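Data block below; observations after.
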Amino acid sequence: MRFFGRKGQRERIFQRLKNKVMEAPGECDLLKIKELLEDHGYFCMSQSNDRMSFNKGYTEYGFDDRVFHLHLRYIGDNDELHFRDYLIEHTEIAGQYEEMKLKLWKEYEYNRDAYTDAKTEFVRKWTSKARTIYCGRYE
C-alpha cells in the first residue's frame, strides 16, 4: 500500500485524512477485495472494472476522528501517485489545489460525491501532465 497524501499540506487541517493506494496483481479479483474491505467498515464510493475507491470515517454528522480514503487499483495504475508527485514539485499548483479543497470542503461538507466531482477537472488536468513528466516512475 502506498501513501499519497501530499506532505506540506496544512497538516492541522488534513492530518485526520489518510490517503492510500492499494495495488493488486492483474489476476486478482477486485470484487473479493471489495467484499473484505466492506466487511472492515469501508464504504465503496465509486467502482469500475479496474478501479475502486473507498472511504471510512464519514458519518451523517461529518467526519469521524480519523478518515480514510483507499484507492484500489491494479499494479501500474498510479494516477494518484503521479498527481501527488506533481504537487510536491509544483508548489503554486499545490497551493491552488489546497485553496480549492478548502472552499469545496465548506460548500460540500456533507456531499462527498459533489465535492469529488467539483475537483475532478483540476485533478485530471494536472495528473495528465504529471503522467507525461514522470512516465515510467512507478514501473
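Positions are given from 1 along the sequence. In this text the structure is predicted, and so the values were computed from the model without any measurement.
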Please say yes or no: joined through hydrophobic side-chain contacts below 4.5 Å, possibly via intermediate residues, are Met45 and Phe68 part of one cluster? no
Evaluate the ring planes of His71 and His69, with Trp represented by its six-membered ring, and classify them as parallel (under 30°), tilted (30 to 60°) or perpendicular (over 60°). perpendicular
Contacts of type salt bridge (Lys or Arg N to Asp or Glu O under 4.0 Å), residue Asp117, not counting sequence neighbours: none
Which word best sums up how the rings of Trp126 and Tyr86 line up, parallel for under 30°, tilted for 30 to 60°, or perpendicular for over 60°? parallel
Verify the cluster assignment for Tyr115 and Phe122: are they in a single hydrophobic cluster under the rule of side-chain heavy atoms below 4.5 Å apart? yes
Do Leu70 and Lys56 pass the side-chain contact (heavy atoms from CB on, under 4.5 Å) test, and can you show the C-alpha distance, the side-chain angles, and the key distance before you say yes or no? CA-CA 8 Å; Leu70 178 66; Lys56 184 177 183 178; over 6 Å; no
Is there a donor-acceptor pair closer than 3.5 Å between any side-chain N or O of Asn111 and the backbone N or O of Ala114? yes
Is a side-chain donor or acceptor of Thr132 paired with a backbone partner of Ser128 at a separation under 3.5 angstrom? yes
All side chain to side chain donor-acceptor pair (under 3.5 Å) counterparts of Tyr74, not counting sequence neighbours: none
Qualifying residue, where the test is side chain to side chain contact (heavy atoms under 4.5 Å, CB included) with Leu102 and the options are Met100, Glu99, Glu98, Lys106: Glu98
Phe83 and Tyr134: same hydrophobic cluster, using ILVMFWY side-chain contacts below 4.5 Å? yes
Residue set satisfying side chain to side chain donor-acceptor pair (under 3.5 Å) with Ser48, at least two apart, ordered chain then number -> Asp50
For Phe54, ring-ring contact (aromatic ring centres under 6.0 Å, His included) partners two or more places apart: none
Go through His82 and Tyr138 one step at a time and tell me if the side-chain contact (heavy atoms from CB on, under 4.5 Å) criterion holds. CA-CA 9 Å; His82 285 93; Tyr138 294 106; 3.8 Å; yes
List the residues meeting side chain to side chain donor-acceptor pair (under 3.5 Å) with Thr127, not counting sequence neighbours, and say none if there are none. none
Salt bridge (charged side-chain N to carboxylate O under 4.0 Å, His left out): pairs with one or both residues in residues 119-135, sequence neighbours excluded: Asp79-Arg131
Is it the case that more than 12 heavy atoms not belonging to Asp29 sit under 6.0 Å from its CG atom? yes
Thr116: side chain to side chain contact (heavy atoms under 4.5 Å, CB included) partners, not counting sequence neighbours: Arg112, Thr120
Where do Leu30 and Ala24 come nearest, in terms of heavy atoms and distance? CD2-CB, 3.9 Å
Tightest non-hydrogen contact, residues Leu104 and Ala118, listed as CD2-CB, 3.6 Å
From the list Arg84, Arg137, Glu23, side chain to side chain contact (heavy atoms under 4.5 Å, CB included) partner of Asn78 resolves to Glu23
Return the set of residues passing side chain to side chain donor-acceptor pair (under 3.5 Å) with Asn55 (not counting sequence neighbours), or none when no residue passes. none
Is any side-chain heavy atom of Arg73 less than 4.5 Å from a side-chain heavy atom of Ser53? yes
Quiz question: by atom type and distance under 3.5 Å, do the side chains of Glu92 and Tyr97 form a donor-acceptor pair? no
Distance from Cys28 atom SG to Leu72 atom CG, nearest 0.5 Å? 7.5 Å
Below 3.5 Å, can you tabulate the donor-acceptor pairs from side chains in residues 34-43 to any protein atom, sequence neighbours excluded?
unit_1, atom_1, unit_2, atom_2, d
Lys34, NZ, Gln47, OE1, 2.7
His40, ND1, Leu36, O, 2.9

